[in-house]
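Data first, discussion second: the structure below is written as structure tokens.
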Amino acid sequence: MADWKSTLNLPTTSFPMKANLQVAEPQMLARWDAIGLYRKLRDRRRGAPVFYLHDGPPYANGNVHLGTALNKILKDVVVRSRSMAGFDAPYVPGWDCHGLPIELKLLKELGPKAREMSVAGLRRACREYAGRYVDIQREQFKRLGVLGDWGDPYLTMDYRYQAAIVRALGTFVERGMVYKGKKPVHWCIHCRTALAEAEVEYEDHASPSIYVEFPLGAEGSAALASRFPGLEGRRVSALIWTTTPWTIPANLALAFHPDAVYAVCPVDGRAVIVAEALVEGLSAALGRPFEEPVARVPGTAFEGLKFRHPLYERDSVGVLADYVTLDTGTGIVHTAPGHGSEDFQTGVKYGLDIYAPVAADGRFTSDVERVAGLTVFEANPVVEAALGEAGALWKTESFSHAYPHCWRCRNPVIFLATSQWFIAMDDTGLRRQAIAETRRVRWVPEWGGDRMRSMVETRPDWCISRQRTWGVPIPALTCSSCGEAVLTAGLVERAAAVFERDGAEAWYERPVADFVPEGLACPSCGGTAFERERDILDVWFDSGSSHEAILVVHPELHWPPDLYLEGTDQYRGWFQSSMLVALGTRGRAPYDQVLTHGMVVSEDGTKMSKSLGNDVPPDEVIRKTGAEILRLWVASVDFREEVRFGSEILARVVEAYRKLRNTLRILAANLSDFDPAAHMVPPQAMDEVDRYAMARYGEFASRVLTAYDEYDYPAIFQALNAFVAVDLSAFYVDVSKDRLYTLAPGSRGRRSAQTAMFAIADGLARLIAPILPVLADEYWASLPGEREESVHLAEFPTRVELFRDAELVARWSRLLKLRAAVNAELERLRQAKAIGQSLEAAVHLRGTGALADLIASYRDELPGLFITSQVDGETDAPSAGAEPEAGAIYREDEHSAVHIVAERAAGVKCERCWRYVPAVSSDPEREGVCPRCEAVLAAAR
RNA sequence: GGGCCUGUAGCUCAGCUGGUUAGAGCACACGCUUGAUAAGCGUGGGGUCACUAGUUCAAAUCUAGUCAGGCCCA
């Protein structure tokens, strides 16, 4: 038998079926580096409209985790797709380098040595550490395929950046928005230092637990009695519960819940206020019988009433607070604004003094009667005794609970109001402006605007100072004679100039005189001797200045950036700090659009964390399946909500990648002898099936381009899967094989198919490039024709909508439905072992109505369409309703139907094209070949 | 505990302003193929649209509550 196979135009390509991404990806990355892809792209797009995504700086500590990978990949897809849409889309990555986590890490690493180091020395160690992690993360981000200006990123610890931060602060100072005030922080009286939340460890601790009575003043009693007659003539008092007796001397208020109802119950001759819901329990706990209430009073009635402090000659005012709970205590919360976080908020709200008569060593100041000179813990029993003497102590016992301890010395810590720097939210309308800006910015998803607004509306003044080392110093001075804090625009600029040249370490190493502008005098006492401020700026101020600071390093970028893209956790973080800083420096938001993505959760939808042991490091995924798979996963999920990740999800993504890759491969393999410059067939000369494929491609490409514009990547993923699997692989490629393989290489029919396949392959390479940059570029290189050296320098296909042809598609979708019905019949034969492949079948169609016309007009195409050897069609009404003796009826609508009968094809099999024909050649040279193949072979001679 | 968000087949997603038997791709099952072959094709099964009430002639789609989960805050 002759070897007819060698006379076919079988597909061939160097594009491998197996991706081997572990090898291919690093190679491709190296190639992009070698050709200077990022710079080339910038050059290529110079002068085009700009689209600037401003990178939010990840923290320079630890390895990249899945959440960071999701964020960076999304940004890369956005930037690449904008670039391919013709924009000049620069991407300058950044890192957040200052801050507590790095400082703590070093303190732990250095151990006792840290205490001997100078501030500047410790800072240099932090700088070195941060630099190391910048390098590590940079490599990890590059490995993900993220294209950007990796050679020149922005770092918040850059000298120029540090100067820009200080200058940004200066704009607030200049406008009088920065003030010094008090705020309680965790404080270790043993180490005499402020502690951050991360430095506090909660351990069980036995505290004294006391119930204390605060009598209502005469004025208040009268006011209350006028509304609640049952109180007439009674001595009314409020009962509170606390586990920190030492804070009683600093009590300034009693907090009630605005929605709670309080009962006033006679107990031992007086009337006591407690939450109604707690009366019974308290009566038992205190061992005192509470009589039936003489009045029921809503919490709101107590607002502004003056109670009397049980120990000192002063009032304690009634206030309202939502955090008051009704499951423990009395429903009335003792409030000392200088010694509690919530107390502070309430104090600020009601304009109370932030009173904290306790020094850094934890001792009461000398002006506090009874406890002066005692430490707070020593004061506990003294306060209890005094309350007992005053007849205000109802009960005391020991109470065990989780209590904050210093991570270093293990001693219990306290809340202590300390001096801090603030940016005022309301004095100069910052809050109002911010709210107005949230209405102008476009938030994706839309509810982001509401979320942002409600946060801005309720947030307190911005506390911008931290008592730490690794950060940008607040360039303020303290008057040596009167202690007044001084912060002026001149001071700020002076420091900025130094930082710019020598870095912020200079603040700690230079003589203070270097920072004092000529002629500066204390505004309070006129003194001219100063000491430097030791506080640093909140690191959120650092990163919040990035839109400004980046311009110092990259003056080519414009302001404002177009887009911010971060996780939803940044509404309170970076989105807000950036907004506030920008309002200070420029009076508007630093972005026009904010896109947010959800957090990565595990496959069952629960939190992913290292401590739970269900986190997956991205490099593990990269090692196993490649970064392209991770990128395709990112594109496949609806990132606006939390996104799930797990082994099954990953397996599905791998499947999609494989299907895509193989389909791309078969297209390329059929184009191995195709030269677009010479072989393209004009549309009017193309086979209709090829024009149909082009029309479907046009629909697909339009959809994808729209989706890129709308950041709707899951739509792209779904459309891509469907187009590749259904339109191309299962239909177009399958039905085109006969023409491609068996016709003469240069025949019109074959070139027609190749023309369509070439356009589709070329378009697919461009369309997938932002998501799968390695696959796209590898594929790009395997396609024929003149092209850019990288698909990433090219643009998306243009005018794809011109390929669309709704009329053609509608007609063919009818043919495809008919094809599905035929396939069902063929399957019956196959299951009955009557046939194997579909070419062994013949199909008889008896149509009626519109279907009969359709069949008649596509008579010649149908065998190819069905991939059967024979199809005959006749117009004849199929017996309406009655079951046919054989085959099946496919009904398009009530007027048109077709009776389908499939059977084993008659005739003989052509050994070359495998179709069954009436007769094959007996010519010894062409034995077993059908007439059509014979002609092809003859022409090839 | 509060603010915001989410809950459609095993997985990832569609289902517009409420309207016929809820769709797609993948996975799965059963065949076919061996001229895309560590590939390809065909057929098929699979969902009480988280749950419960309600509005409506009609709800996956609107309202309320419950449960489960996420982010931020307390």
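Just so it is clear: chains get the letters A, B, ... in the order the sequence lines come, proteins before strands, and each one is counted from 1.
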Exercise. Across the strands shown, which category fits A/Glu603 at heavy-atom distances under 4.0 angstrom: base, sugar-phosphate, nothing?
Worked result: nothing
For this session: If the plane angle is over 60° it's perpendicular, under 30° parallel, otherwise tilted; pick one for A/Tyr403 and A/His401.
Result: tilted
For this session: Report the relative orientation of the aromatic rings in A/Tyr692 and A/Trp812; use parallel for angles under 30°, tilted for 30 to 60°, perpendicular for over 60°.
Result: parallel
Exercise. Does the B/rA36 base have a donor-acceptor partner in the side chain of A/Thr13 within less than 3.5 Å?
Worked result: no
Exercise. Hey, is A/Trp914 doing a stacking thing with B/rG35, by the 5.5 Å centroid and 30° angle criteria?
Worked result: yes
Exercise. At under 4.0 Å between heavy atoms, what does A/Ser729 touch on the DNA or RNA strands: base, sugar-phosphate, or nothing?
Worked result: base
Problem set entry | Heavy-atom pair of closest approach, residues A/Gly99 and A/Val539 | CA-CG1, 3.5 Å
Exercise. Is the shortest side-chain N/O distance from A/Thr568 to OP1 or OP2 of B/rC72 below 4.0 Å?
Worked result: no
Problem set entry | B/rC41 phosphate, OP1 or OP2, under 4.0 Å from A/Lys737 side-chain N/O | no
For this session: Find the distance A/Leu632:CG to B/rC26:P and express it as a whole number of Å.
Result: 14 Å
For this session: For the residue pair A/Trp443 and A/Phe575, categorise the inter-ring angle as parallel (less than 30°), tilted (30 to 60°) or perpendicular (more than 60°).
Result: perpendicular
For this session: Using only heavy-atom distances, decide whether a donor-acceptor pair under 3.5 angstrom links the side-chain of A/Gln831 to the base of B/rU43.
Result: no
